[in-house]
Peer 1: 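Below is a structure I'd like to ask you about.
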Amino acid sequence: MKQNLKVIGEHTNHIFKQNTQITQLGKSGQIHEAVKLFSEMTRKNTVTYNSMISALNKNGKFNDARHLFDNMPRRNLVSWNTMIAGYLHSDRIDEAYRLFVKMPKRDRFSWTLMISYFTRKGELEKARELFDLFPHKRDVAFWNVMIRGYGEKGRIVEARRLFDEMPLRVVVSWNLMLSCYTRNGEMRLGREFFEGMALRDVVSWNLMVDGFIEVGDLDSAWEYFEKTPYPNVVSWVTMLCGLARSGKILEARRLFDQMQNKNVVSWNAMISAYVKDYQIEEAARLFSDMANRDSFSWTTMIDGYVHVGRLDKARELLNQMPYKDIAAQTAMLSGYIKNKRMDEACQVFNEIAARDIVCWNTMIVGYSQMGRMDKALDLFKEMKDKDLVTWNTMIIGYAQIGEMEEAVKIFNGMKIKNVVSWNSLITGFLQNGLSMDALTSFKLMVHEGITPDHSTFACSLSACANLAALQVGKQMHNKVLKSGHLNDLFVGNALITMYAKCGRILCAQLIFDDLDEVDVISWNSLITGYALNGYGKQAVQLFEQMVSKGRAGMLSEAFEVVRGLKIRANAGIWGALLAACKTRGNLKLGKIAAEQLSEFEPRKTSNFVLLANMQAEAGSWDEVENTRLSMKYTEAEKQPGCSWIEVRHQLHCFQSNMPMQPETAEVYSNLKTLTSQISNLDCVSKSSLLDNL
DNA sequence: TATGCGTAGT
């Protein structure tokens, strides 16, 4: 009898050990080893099955997990919960919920699992529904999970309402409420709440420090950090990261050196600070000094090498990494893809045991951005669980290589579409010169009840511009006004272009004037608009206005405008640029402007003088000499302004200070009449425009 | 409460 008990005890002990091993193997991504062990086990208990299900779930093998779940001899509560967790992890909410409903008994864990899943996904209404349905007394964890959910969605008011309703609050509840404020940049309210907190611990202080860092108020962060009664390692790391993020890497290092109890995270944070500052050698030094590295340390270094373009070094590290986790592998993968080294990317991709959906998508995006839709399609077909990103990427990929039929096929194959799917289709039509189809899609989209976003409007307005479809464009403008996207730069710029291309340059000007901020594209659109509508003079004036604005860097942006200008830049534009370069002392751009200008006005002395002066101010005396020489060489001299016109096959030349000719008086008189007519026209269209708005 | 990676549309 004793002997038998001993044997049973040993068996139990053995099974227990093997079960634990399965769990461990599953966690470290060694799923094949786990399966092997499982199939070799002669005695299994319910925990064995549960461990195996969990291991399969953790490695993305949800169907195998379900199969095992359906065929296991006896299921307990943990089996159900494990399977539900797997479904939730793979976003199969419906199946998870079906199991949740079907399970014979639910414990607190099952409920919290479902509720916290919904709060994490930001689907708070569903979470709230379950929360309200919970049949027993809700413990404090339920409330906390809801508050966290509201906080993460920025719904502070609802979080606060729930917080105020709570029958019992522990310090975690107080901190969660505080984090709603600090995580959403509401530091004024946060501070107020913090002052009134009934329960406070070091976490509360850390949250305040982190919150201030997040809004860029480093002084207040430092103040709270110094005031923290018993700072822990998190306090130090938070402050260290704050300093690093504001580029104060020396101060961060000083803090790091002062730390008494450094842990892995402190080291990782410091390494990450160096990596973000492109100081890869210093990061490597710290990395090699570390006693205990974790997967964060490895990933940070691998990513660091990727970002300085040393892919081979990154790969070397990945090979050395003891337990490769998905983050490190993904860093390597995206490094290869960004450098278009697809063969090596493929290799890494194949090495990843627990490939998640993003890994697949990353590969597909890589191929599609290279125009390799054949390869993208292979992966797309191979993929079991596709999400919206997968489908949308395929649409975009086909559109970019001009295969709109394929793009439409993919689009039509989608069961669920979101606004990005529609935008991708509309953009595709637009890019392939099918503006009419773009507008039709817009109508369909609205008809199907999808709310257009700023991107939809920007694209569809471009389509209107291409078609010079003023009426549709106006209707869309109206929709933009109602949608609240008017102040979006992309939409604003598209509106400017639309009105300009439809010949309503004054409307374009009004849109431009109303924008809160403008960028190069806005200027470009407006200037091009004036030029297209025959207002050359205004275009040049506007351009001068643009280069004379205060902002540093505007000068190079102005050059970008000229380069991107749909019309060929003329002497006026280059002259304005040259003058602006002189004012700002930008010799480099000045030379380019002068060079261009010499093509239009090879003999205009003032251009040469301006350039020579700039060179002199910069102390480049050799260049001054060269400019003077080339001025002589081209015999630059003051040339009178001159203009030609062809009338009935005869060329007429007008020159300023030209002696009176018989027609001259008549010409001037006609010109005066025309000018006044044009300015009257301007007034008319402006006032009728105002009436319309 | 702190550290690492990655996917779609202008």
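Sequence lines set the chain letters: A, B, ... in the order given, protein chains first and strands last, and positions in each chain run from 1.
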Peer 1: Can you tell which of B:dG4, B:dG9, B:dA8 lies closest to the side chain of A:S295?
Peer 2: B:dG4
Peer 1: Could you state the CZ-P distance from A:F296 to B:dA2, rounded to the nearest angstrom?
Peer 2: 11 Å
Peer 1: Look at the side chain of A:L207 and decide which nucleotide, out of B:dT1, B:dT7, B:dG9, has an atom nearest to it.
Peer 2: B:dT1
Peer 1: Distance criterion of 3.5 Å, no angle test: do you see the side chain of A:S334 paired donor-to-acceptor with the base of B:dG6?
Peer 2: no
Peer 1: Less than 6.0 angstrom separating the ring centers of A:W174 and A:F163, yes or no?
Peer 2: yes
Peer 1: How are the rings of A:W298 and A:F287 set to each other: parallel, tilted or perpendicular (split at 30° and 60°)?
Peer 2: perpendicular
Peer 1: So, does A:R183 get its side chain near the phosphate of B:dA2, meaning an N or O under 4.0 Å from OP1 or OP2?
Peer 2: yes
Peer 1: Classify the side chain of A:N263 and the base of B:dA2 as holding, or not holding, a donor-acceptor pair under 3.5 Å.
Peer 2: yes
Peer 1: Just compare B:dA8, B:dC5, B:dT1 and give me whichever is closest to any side-chain atom of A:T330.
Peer 2: B:dC5
Peer 1: Is there a donor and acceptor pair closer than 3.5 Å between the side chain of A:N361 and the base of B:dG6?
Peer 2: no
Peer 1: When you measure from the side chain of A:V237, which nucleotide among B:dG6, B:dA8, B:dA2 comes out closest?
Peer 2: B:dA2
Peer 1: Using a cut-off of strictly less than 4.0 Å, decide whether A:K276 has a side-chain nitrogen or oxygen near OP1 or OP2 of B:dT3.
Peer 2: no
Peer 1: Look at the side chain of A:V420 and decide which nucleotide, out of B:dT3, B:dG9, B:dC5, has an atom nearest to it.
Peer 2: B:dG9
Peer 1: Given B:dT1, B:dG9, B:dC5, which nucleotide is nearest the side-chain atoms of A:N423?
Peer 2: B:dG9
Peer 1: Tell me, please, whether A:F380 has A:K386 positioned over its six-membered ring: NZ or CZ under 6.0 Å from the ring centre and within 45 degrees of its axis?
Peer 2: yes
